[in-house]
Amino acid sequence: MESVRVRFAPSPTGYLHVGGLRTALYNYLFARKANGKFILRIEDTDRNRFVEGAVENLIKALKWCGLDYDEGPDAGGQYGPYMQSQRLDIYQDHVKELISTGDAYYCFCTPERLNELKEEQQRQKLPQAKYDKHCLAISKNEIEHNFGADIPFVIRLNVKPNKRIIFDDIVRGRVEFESNNIDDQILIKSDGFPTYHLANVVDDHLMEISHVIRGEEWLSSTPKHVLLYDSFNWKRPLFAHLPLLLNPDRSKLSKRQGDVAVEDYRDKGFLKEALVNFVALLGWNAGDDKEFYYMNELVESFSLERVNKSGAVFDLEKLNWLNAEHLRKMQDTELLALLKEEILNSKFSNQNYSDSYLLEVITAMKERVSFVKDYLEKSPYFFEAPNNYDEAAVQKNWKAETPAMLLKLHDEFEKLVNPSKDDFENALAKVAEELNAGKGKLIHPLRLAVSGMSTGPGVFDIVLLLGKDEVLKRIKSAVQKIN
RNA sequence: GGCGCGUUCGUCUAGUGGUCCAGGACGCCGCCCUCUCAAGGCGGAGAUCACGGGUUCGACCCCCGUACGCGCUACCA
């Protein structure tokens with residue numbers, strides 16, 4: 001079997017779109033599974049769309065996701081350069097071949113004539129607007145003359161009429177087009193740059209790409225590419241057109257309706273593991289009930305044959321859930337690193353917490369967080385004494401007799417020497433009994449006093465973690481502040 | 001408009017002619033556990049398998065048509 005070589009070929013827009021991530025991921029998984037090569041190629045043939053730093057951002061986002069490539073602009077490789085803007089002469093050389101065989105031709109039509117043509121065709125209510133092959137008839141002499149006169153020109157693909165163009169798509173099966181419906185696509189623009197269609201075919205061939213795995217938006221232009229392969233007498237790669245990622249209203253996923261950049265999700269605190277896992281499941285599944293995957297498991301299970309045909313809505317709820325799942329399954333030491341980073345970016349950055357303390361916080365909160373930042377937001381009391389107390393909880397649990405009871409508890413706690421969790425619990429039970437009250441009468445106010453809220457880990461876990469001295473302080477100040 | 005692709009619970013999906021009056025997951029609701037909140041366990045609501053014709057003893061699964069949606073229709077990718 002021939003070796004698998006696939007590529008992710010984005011145009012550098014400035015960020016990595018999650019749809020792009022999904023395409024890149026499927027390419028990556030397919031390559032790794034087949035022990036093939038995964039290549040990054042930058043499709044920067046539109047000079048009007050140049051964005052400063054876009055390639056760097058793209059590469060950063062890709063690497064953050066764990067999609068490392070074997071060949072690419074910054075990775076090198078035998079088939080470079082991997083930036084299309086650096087391959088201009090290659091396209092020029094190849095298109096000349098097409099001109100000599102008559103499969104492409106020079107076109108000197110002005111934008112004005114093209115516009116008129118289009119308008120005329122619309123007026124006549126023609127089914128589609130196509131170039132009329134006007135320049136196909138120009139003589140060699142005339143062409144030379146136009147060159148001499150520096151008349152701007154483009155090079156067009158010469159699509160022969162009445163032909164059926166058929167290709168097999170790995171996800172969609174057999175797809176057929178009629179050549180009469182295909183326009184004489186511009187291959188080289190008047191600025192000398194190639195269009196996507198030419199560049200992508202030439203590069204895929206030269207880079208020995210075995211499978212073209214890309215978004216469904218390319219399906220309609222694939223016949224042009226097929227025509228190009230045939231004209232060059234090149235072997236066609238296998239095509240796999242992936243279903244689109246959709247907005248909640250089922251239109252193509254766009255910026256207008258939410259976050260589309262990988263960077264957005266990263267900045268919102270999503271784990272790369274969760275994003276990758278989630279995006280992998282949008283349009284693919286292994287045929288079983290497994291939903292939680294690590295990258296290596298995805299590589300193991302992935303196959304193009306099991307990619308769906310229809311578009312998938314990007315459902316944030318499920319991403320949230322997967323993020324929580326990944327967070328919970330993460331090693332504590334890994335979590336520690338993430339939490340420390342989070343602290344550094346928070347108002348607690350100048351505080352100093354020991355690793356062992358943070359590790360205990362992690363253990364206590366692990367089942368209760370969906371994001372790393374939740375450690376700070378859902379349990380700020382582990383990082384500073386409460387400044388205020390949850391109003392609803394005060395209403396519910398802070399009775400007239402509460403301060404006196406808590407003070408008694410305070411005194412009992414004070415007697416403890418190097419207390420364990422059980423010591424705290426026993427002390428509280430003792431006070432409750434002496435007061436002839438249910439433990440709840442003390443537990444809930446204690447939680448409130450110590451944390452300022454009514455939710456969180458077991459109250460004795462909190463107390464133990466905070467330590468006796470801190471707990472005593474917090475009880476005192478709560479008694480002072482509440483009411 | 002033309003061409004292409006698609007259509008199973010709100011969402012992601014399983015399903016390749018009988019095992020499906022359709023299974024799982026997220027979300028939602030309820031119960032259990034319990035000092036709270038989670039997590040976990042159990043249960044529930046939720047899909048006339050877009051619609052209409054065929055083929056077949058039998059269709060979510062095969063064929064045709066219709067509707068709807070999406071994509072493409074640039075000297076953008």
Side-chain angles (χ1 to χ4, degrees), chain A residues 9-13 43-46 48-49 84 107 109 111 114 118 122 125-130 152-156 169 171-173 175-178 180-183 185-197 199-200 214-223 241 243-244 246 248-252 278 281-292 308-322 324-325 328 365-370 374 378-379 393 396-397 425 428 438-444 446-448 451 453-460 462:
Chain A
S11 69
T13 54
E43 311 245 336
D44 56 346
T45 55
D46 186 355
N48 301 321
R49 286 205 178 183
Q84 291 188 326
C107 172
C109 288
L114 261 19
K118 195 181 225 170
Q122 277 169 358
K125 292 228 187 309
L126 254 42
Q128 75 252 204
K130 274 172 59 186
F153 64 91
V154 300
I155 297 176
R156 289 183 180 271
D169 187 280
V171 345
R172 273 146 231 286
V175 184
E176 294 193 28
F177 291 82
E178 205 67 54
N180 294 355
N181 291 321
I182 298 168
D183 200 7
Q185 181 66 46
I186 290 177
L187 266 17
I188 298 279
K189 302 180 245 183
S190 56
D191 63 2
F193 275 61
T195 57
Y196 169 85
H197 307 284
N200 125 82
R214 78 225 304 190
E216 190 191 321
E217 67 266 34
W218 294 111
L219 191 59
S220 298
S221 39
T222 303
H241 286 94
L244 261 18
L246 272 24
D249 71 356
R250 305 203 74 83
S251 57
K252 186 171 158 183
F278 174 64
L281 258 16
L282 252 28
W284 170 86
N285 71 84
D288 52 28
D289 287 340
K290 189 171 165 70
E291 305 229 51
F292 183 92
N308 291 144
K309 295 172 171 62
S310 52
V313 173
F314 193 92
D315 177 25
L316 215 53
E317 295 282 8
K318 197 154 187 172
L319 211 207
N320 286 333
W321 169 73
L322 265 177
E325 288 288 293
R328 281 195 285 270
M365 288 299 292
K366 206 163 189 178
E367 301 298 302
R368 282 161 257 263
V369 295
S370 295
D374 285 347
K378 290 189 174 172
S379 56
K396 189 163 180 232
N397 297 313
E425 188 156 7
L428 183 137
K439 290 203 289 183
K441 281 267 185 283
L442 280 168
I443 283 178
H444 296 293
L446 174 61
R447 170 185 294 284
L448 188 58
S451 75
M453 12 182 102
S454 61
T455 63
V459 73
F460 299 109
I462 297 178

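A note on names: the letters A, B, ... follow the listed sequences, proteins ahead of strands, and every chain is numbered from 1.
- Counting to the nearest Å, the C1' atom of G15(B) and the NZ atom of Lys309(A) are 13 Å from each other.
- Atoms CG (Leu246(A)) and C1' (C5(B)) sit 13 Å apart, rounded to a whole Å.
- Using modelled atom types and a 3.5 Å distance limit, the side chains of Ser454(A) and His444(A) yield no donor-acceptor pair.
- C61(B) and U16(B) have their C1' atoms separated by 6 Å, given to the nearest Å.
- With distances taken from any side-chain atom of Glu317(A) to the nucleotides C75(B), G27(B), C12(B), the minimum falls on G27(B).
- Between Tyr196(A) and Trp218(A), the ring planes lie parallel to each other; the angle is under 30°, not in the 30° to 60° tilted range.
- One atom, CG of Leu244(A), and another, C1' of G4(B), lie 13 Å apart when rounded to the nearest Å.
- No side-chain donor from either of Ser310(A) and Asn308(A) sits under 3.5 Å from a side-chain acceptor of the other.
- Base contact: Gly458(A) has a heavy atom under 4.0 Å from a base atom.
- Proximity note for Arg250(A) (side chain, C-beta onward) versus C3(B), G69(B), G40(B): the nearest is G69(B).
- Along RNA chain B, the nucleotide nearest Val171(A) and the nucleotide nearest Asn285(A) are compared for position; the residue whose nucleotide lies closer to the 5' end is Val171(A).
- The base of C35(B) sits with one of its N or O atoms less than 3.5 Å from a complementary donor or acceptor on the side chain of Arg447(A).
- Within the nucleic acid shown, Pro223(A) has no heavy atom closer than 4.0 Å to any nucleic acid atom.
- Comparing the P positions of U13(B) and G18(B) gives an interatomic distance of 24 Å, to the nearest angstrom.
- Electrostatic pairing of Lys318(A) and Glu291(A) counts as a salt bridge here, judged by a charged N lying under 4.0 Å from a carboxylate O.
- Here Lys118(A) lies in heavy-atom contact (under 4.0 Å) with sugar-phosphate atoms only.
- For the C1' atoms, the distance linking U55(B) with G1(B) amounts to 35 Å, nearest Å.
- Among the atoms of the strands shown, base atoms are found under 4.0 Å from some heavy atom of Val459(A).
- Nucleotides U8(B) and C51(B) place their P atoms 11 Å apart, quoted to the nearest Å.
- The CG-P distance, from Leu126(A) to G1(B), rounds to 16 Å in whole Å.
- Between C70(B), G4(B), C75(B), one nucleotide has an atom nearer to the side chain of Lys252(A) than all others, and that is C70(B).
- The CG-C1' distance, from Asn308(A) to G15(B), rounds to 12 Å in whole Å.
- Ser310(A) comes within contact range of the sugar-phosphate backbone alone, with a heavy-atom separation under 4.0 Å but no base atom that close.
- Comparing the P positions of G2(B) and G44(B) gives a spacing of 49 Å, expressed to the nearest Å.
- Of the candidate nucleotides U7(B), U13(B), G4(B), G4(B) has the atom nearest to the side chain of Glu216(A).
- A donor-acceptor contact under 3.5 Å links the side chain of Lys318(A) to the base of C12(B).
- Among the protein residues, Phe193(A) comes within range of no part of the nucleic acid, since none of its heavy atoms lies under 4.0 Å from any strand.
- Among the atoms of the strands shown, base atoms are found under 4.0 Å from some heavy atom of Thr455(A).
- Defined by atom type and a distance below 3.5 Å, a donor-acceptor pair is missing between the side-chain atoms of Arg172(A) and His241(A).
- For U34(B) and G46(B), the P atoms lie 32 Å apart once the distance is rounded to whole Å.
- Only the P atoms considered, G69(B) is 39 Å distant from A39(B), to the nearest whole Å.
- Checking side-chain atoms of Lys439(A) against main-chain N and O of Lys441(A) turns up no donor-acceptor pair under 3.5 Å.
- Distance Lys396(A) NZ to U36(B) P: 8 Å, rounded to the nearest Å.
- With rounding to whole Å, Gln84(A) atom CD is found 13 Å from C76(B) atom P.
- Here C12(B) presents its C1' atom at 13 Å from CG of Asp289(A), a figure rounded to the nearest Å.
- Where Glu178(A) and Phe314(A) each meet RNA chain B at their nearest nucleotide, the meeting point lying more 5' is that of Glu178(A).
- Considering CG of Asp169(A) and NZ of Lys309(A), their distance stands at 9.0 Å, rounded to 0.5 Å.
- In the interface, the side chain of Arg368(A) is paired with the base of C37(B) through a donor and an acceptor atom under 3.5 Å apart.
- Only the C1' atoms considered, G10(B) is 11 Å distant from A47(B), to the nearest whole Å.
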